[in-house]
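A short write-up of the structure that comes next.
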Amino acid sequence: MDAGIRAAVAEWLLSETGAEKTTITGAKLLSGGAIQENWLLDLVVRGGRLDGLEQAVLRTDAASGVDESHGRVEEFRLLSVGFEAGMTVPEPLVLEPTGSITGKPFYVMHKAGGTANPRMLTRDAALDPHRTGLARQIGREMARLHRIQPPRPELDFLGDAPANPAAQRISELYSFLDSLPKAYPALEWGLRWLELNRPAPSPAVLCHRDFRTGNYMVADGKLTGVLDWEFAGWSDPLEDVGWFCARCWRFGSDAREAGGIGSRDDLYAGYEAEAGSAPDWSLVPYWEVLATVRWGAIALLQGERHNSGAERSIELALTGRKAAEMELDILQQIDEIERTRANV
Amino acid sequence: MFEAPGRKALIETALAAFQDDILPALDGDRKYLGLMIASALATAARELDTDADPGSIQRILDGFASLYGEDNVARAGYEPEMKLDMLSRDLARELREGLYDTALTGPVHALLTVLTEEKLKLSNPKFLAAREYSQPTPN
């Protein structure tokens, strides 16, 4: 972030927050964002509504194109809604929606402490004594999120809530596959199964739709912030639970069925305690299959961004190749579900 | 390829040097990039083997033959890659049309398992052996 942009952001912050003095003394690009950039700002703020703030995160678009995800303006509103609902998210502070200050929209939020690194969160033995508490806390966070129901005028960009979220997801996934130059019969097979086994629809609520290990911060065994809201939408609450628990998001720690970080029972217990009732947990395996098909299809779309020449990147190229892992998962998961059914 | 070392040996030598001498010195984002580079090189080296050995694609075509019959596989194209592409498209369409609805976990499942396993032997053999997802996964 060059000195000119820094000064412009500082001046804008000053006028937006009614401060007497705002200086950005440091700006460091944080890791882990292909579509977005996160800058950790060191600040000196005197007066106004952010008086005394020493650090904050500025989030903006990366140079590369943005896919189907929400822009920063929408993300700021989602974060605000989550924050007001009592979720642990980095508190959103100020939004610059016009792009006139730095050339692209951005917002500033509180910094969430700790790490989001999935390798560390799923493997570090130092976290073991905290795993029960962490899984329960994540369950509570999800239940708080799912209390947000349509309609919400400030979230009108999400469109109407689908009458049948699973049906909508399936049709989106078919169109993903249709946009690819090759055929992927194992993903087609999984989608057909999802279509034939679609559960009765439950009312759509606000879902994060990328709530997985790697997208929340943890410090001292506690969740400090749910991040990356750009895929949020109205859906079946179990879509979030299935995405969180799907084997492909356990980062190899398969035995910890809740995101590789804790037990499924603890996640569910936390959810029930906050929600005051239990969803039909027997449907979660269905949503795990859907999650796996979705991640497989997204991986192929990302690979295609590289293959088509639109955006050359070793990360995108390798992500496309990962899809076969999801394909095998789908074949095994559904086979397991069908076997269990046959034995009942 | 007339010179020694050949292309596969060159990639393997480069990969070994990279893993032994460069990768350990990296951390943070550069470590992540380094792991991706190593993974891409290792995959490319494995696939050079398959180019020389038609067994992989033949096993998939045999799988298709057990579902569609030898004749239909023979008619599907002039060379194996083209056949595989055509047959995969046919199967995808038939699945969507519901042709296998009554027996999704029957022979079509067996064929799809062969197809997927052969892909994984190239891109990530560790996944087949020990369910080890390819690394690194984006944060």
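Numbered from 1 within each chain, the chains take letters A, B, ... in sequence-line order.
With respect to chain B, the highest number of heavy-atom pairs below 4.5 Å among A:E338, A:Q332, A:R339 belongs to A:Q332.
In terms of heavy-atom proximity, A:P185 sits nearest to B:L112 at CB-CD2, 3.6 Å.
Between B:L128 and A:L328, some side-chain heavy-atom pair lies under the 4.5 Å cut-off.
Of all residues in residues 102-111 of chain B, those placing a non-hydrogen atom less than 4.5 angstrom from a non-hydrogen atom of chain A are B:L104, B:T105, B:V108, B:H109. Contacts between residues 89-99 of chain B and chain A, counted as heavy-atom pairs separated by less than 4.5 Å, involve B:R89, B:L91, B:A92, B:L95, B:R96, B:G98.
Residues A:K182 and B:D85 are not paired through a salt bridge, judged by the lack of any N-O separation under 4.0 Å between the basic side chain and the carboxylate.
Note that CG of B:N124 is 8.0 Å distant from NZ of A:K322, once rounded to the nearest 0.5 Å. A distance of 12.0 Å separates CD in A:E188 from OH in B:Y100, rounded to the nearest 0.5 Å. To the nearest 0.5 angstrom, A:I314 atom CD1 is 5.0 Å from B:I37 atom CD1.
No more than 12 heavy atoms of other residues, nucleotides or ligands lie within 6.0 Å of CZ in A:R321, so this atom counts as exposed by the packing criterion. Other residues, nucleotides and ligands contribute over 12 non-hydrogen atoms within 6.0 Å of the CE atom of A:M1. The number of heavy-atom neighbours closer than 6.0 Å to CD of B:E70, taken from other residues, nucleotides and ligands shown, is 12 or below.
Residue contact with chain B, scored on non-hydrogen atoms closer than 4.5 Å, involves the backbone and the side chain of A:D329 alike.
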Under the side-chain contact (heavy atoms from CB on, under 4.5 Å) rule, what do B:L115 and A:Y184 come out as? Steps first, then yes or no, please.
-> CA-CA 10 Å; B:L115 179 66; A:Y184 294 88; over 6 Å; no

